[in-house]
Amino acid sequence: MIQVIPAIDIIDGKCVRLTQGDYGQKKIYNEDPAEVAKEFEDAGIKRLHLVDLDGAKEKRIINHKVLEKIANSTKLIIDFGGGIQSDIDIQKAFDFGAKMITGGSIAVKNQEMFLGWLEKFGPEKIILGADAKDEMIAISGWQEATKVSVFDFIEEYLKKGIKYTISTDVAKDGLLQGPSFELYEKMQVKFSDLHIIASGGVSEMKDLEKLNDQGVFGVIVGKAIYEGKISLKELEKFIC
């Protein structure tokens with residue numbers, strides 16, 4: 001069964017959502033992300049996708065105190081991303097309570113360092129961030145486009161031992177118009193041994209059911225929960 005992973009995105013220590021990665025289209029949902037995380041845990045959720053959007057912009061971890069507070073107040077398995085671009089920052093993320101980290105920009109710009117993390121911490125703790133726009137990798141909080149095919153990018157790291165990837169279709173994110181089913185289907189056909197975590201566009205339970213039927217390993221849900229399109233009660237059918 002698909003793993004449903006709620007997302008908490010952080011700006012200025014607050015729980016927010018952006019639309020298509022646009023920092024100018026920011027909506028604050030809660031002043032205290034730890035409160036939101038506790039609600040997820042109380043609903044039976046086991047995992048959390050926590051993103052430091054300030055960090056993604058500044059290229060260094062900014063909101064580590066939020067990570068620490070959530071880690072200390074819940075038992076959620078936190079995968080943390082946003083701004084992790086140095087050995088110091090990845091160690092800081094783990095020290096403050098992350099169980100896994102997601103690296104996207106660093107995997108594009110400094111392959112040697114990212115592969116060093118993979119070797120040091122192991123493939124169970126390192127998630128490849130493969131966010132795409134028109135099937136091309138997008139980095140730095142989606143503020144920077146590349147000419148690297150998302151499929152070539154994933155294939156290269158799969159050969160190096162990556163087991164997990166989170167892929168957001170930037171064109172879908174925050175619009176509540178449905179995920180990129182075709183993109184994930186292509187990925188599954190091409191990378192059958194990879195644990196693919198879909199992200200972006202989920203708007204209703206039917207989206208989760210379709211991704212589950214496709215056999216996708218996991219799905220990140222954000223705005224649909226915050227906007228009341230999907231209730232935590234409804235998610236119980238996907239919680240083991």
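The analysis underlying the following values was restricted to heavy atoms, covering all of them including side chains, and did not include hydrogens, waters or symmetry mates.
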(message) So for atom NZ, which belongs to K92, do other residues, nucleotides or ligands contribute more than 12 heavy atoms lying within a distance under 6.0 Å?
(response) yes

(request) Using a strict 4.0 Å threshold on nitrogen-to-oxygen distance, state whether E41 and K38 make a salt bridge. (result) yes

(message) So for atom CG, which belongs to D213, do other residues, nucleotides or ligands contribute more than 12 heavy atoms lying within a distance under 6.0 Å?
(response) yes

(message) According to a hydrophobic-cluster definition based on side-chain heavy atoms being under 4.5 Å apart (Ile, Leu, Val, Met, Phe, Trp, Tyr only), do V150 and V108 belong together?
(response) yes

(request) Kindly give the heavy-atom pair with the smallest separation between L53 and D9, and that separation in Å. (result) CD1-CB, 3.7 Å

(request) Of all the heavy-atom pairs spanning I225 and P6, show the shortest one and how long it is. (result) CD1-CB, 4.2 Å

(message) With a 3.5 Å distance limit and no angle check, can you tell me whether H49 reaches the backbone of I220 through a side-chain donor-acceptor pair?
(response) no

(request) Using the test salt bridge (charged side-chain N to carboxylate O under 4.0 Å, His left out), find all partners of K237 that sit at least two apart in sequence or belong to another chain. (result) E209

(message) Under 4.0 Å between a side-chain nitrogen and a carboxylate oxygen: does that hold for K190 and E185?
(response) no

(message) Given M100, which partner from the list I78, D79, I126 fulfils the side chain to side chain contact (heavy atoms under 4.5 Å, CB included) test?
(response) D79

(request) Indicate the atoms forming the closest heavy-atom contact of A93 with L67, along with that distance. (result) O-CD2, 3.4 Å

(request) Give a yes or no on whether the ring-centroid distance for F80 and F96 is below 6.0 angstrom. (result) no

(message) As an exercise, state the distance from CE of M205 to CD of E234, rounded to the nearest 0.5 Å.
(response) 5.5 Å

(message) Using 0.5 Å steps for rounding, measure from the CG atom of L183 to the CG atom of D169.
(response) 6.0 Å

(request) Go through the side-chain N and O atoms of E35 and N30 and say whether any donor and acceptor fall under 3.5 Å apart. (result) yes

(message) As a quick check of understanding, evaluate salt bridge (charged side-chain N to carboxylate O under 4.0 Å, His left out) for E156 and K159, giving each step before the final call.
(response) CA-CA 5 Å; E156 185 174 357; K159 292 174 183 175; over 6 Å; no

(request) Ignoring hydrogens and angles, tell me if any N or O in the side chain of K46 forms a donor-acceptor pair with the backbone of G44 under 3.5 Å. (result) yes

(message) Evaluate Q3 against R47 for side chain to side chain donor-acceptor pair (under 3.5 Å), listing each step before the verdict.
(response) CA-CA 8 Å; Q3 290 194 20; R47 293 186 55 176; 3.1 Å; yes

(message) Main chain of I106, side chain of N110: is a donor-acceptor contact present, judged purely on distance under 3.5 Å?
(response) no

(request) For residues V219 and I2, report the shortest heavy-atom separation together with the two atoms involved. (result) CG1-CD1, 3.7 Å

(request) Flag the pair D89 and R60 as a salt bridge only when some basic side-chain nitrogen lies within less than 4.0 angstrom of an acidic carboxylate oxygen. (result) no

(message) I need the I11 CD1 to D54 CG distance, nearest 0.5 Å.
(response) 5.5 Å

(message) Could you check whether atom CD1 of I88 has more than 12 heavy atoms from other residues, nucleotides or ligands sitting under 6.0 Å from it?
(response) no

(message) Salt bridge check, K120 against D87: does any charged N sit closer than 4.0 Å to a carboxylate O?
(response) no

(message) Tell me whether T168 contacts the main-chain N or O of D131 through its side chain, where contact means a donor paired with an acceptor under 3.5 Å.
(response) no

(request) Please indicate whether E119 has more than 12 foreign heavy atoms, meaning atoms of other residues, nucleotides or ligands, lying under 6.0 Å from its CD. (result) no

(request) Enter the distance from K223:NZ to K27:NZ here, rounded to the nearest 0.5 Å. (result) 7.0 Å

(message) When you compare the side chain of T146 with that of F153, does any pair of heavy atoms fall below 4.5 Å?
(response) no

(request) Examine F121 together with F94 and report whether their ring centres are nearer than 6.0 Å. (result) yes

(request) Working to the nearest 0.5 Å, report the span between CZ of F114 and CD1 of I84. (result) 10.0 Å

(message) Given 3.5 Å as the limit, does a donor-acceptor pair link the side chain of N63 with the main chain of V66, or not?
(response) no

(message) Can a donor-acceptor pair be found, under 3.5 Å and without considering hydrogens, that links the side chain of Y184 to the backbone of G215?
(response) no

(request) Report yes or no: does T102 contribute a side-chain atom to a donor-acceptor pair with the main-chain N or O of G129 at less than 3.5 Å? (result) no

(message) With a 3.5 Å distance limit and no angle check, can you tell me whether Y157 reaches the backbone of A107 through a side-chain donor-acceptor pair?
(response) yes

(request) Measure from NZ or CZ of K186 to the centre of the six-membered ring of F151 and say whether it is under 6.0 Å with the direction within 45° of the ring axis. (result) no

(request) Decide, yes or no, whether a salt bridge links K14 with E31 under the criterion of side-chain N to carboxylate O below 4.0 Å. (result) yes

(message) Let me confirm one number: the CD1-CG distance from I162 to L115, rounded to the nearest 0.5 Å.
(response) 8.0 Å

(message) Under a 3.5 Å distance rule, please check whether N212 uses its side chain to pair with a backbone N or O of L208 as donor and acceptor.
(response) no

(request) Please name the pair of heavy atoms, one in Y29 and one in V16, separated by the smallest distance, quoted to 0.1 Å. (result) CD1-C, 4.2 Å

(request) Taking all heavy atoms of G13 and all of P33, pick out the closest pair and write down the distance. (result) O-CD, 3.2 Å

(message) I'd like to check L48 versus I5 (side-chain heavy atoms, cut-off strictly below 4.5 Å). Are they in contact?
(response) no

(message) Main chain of Q188, side chain of S192: is a donor-acceptor contact present, judged purely on distance under 3.5 Å?
(response) no

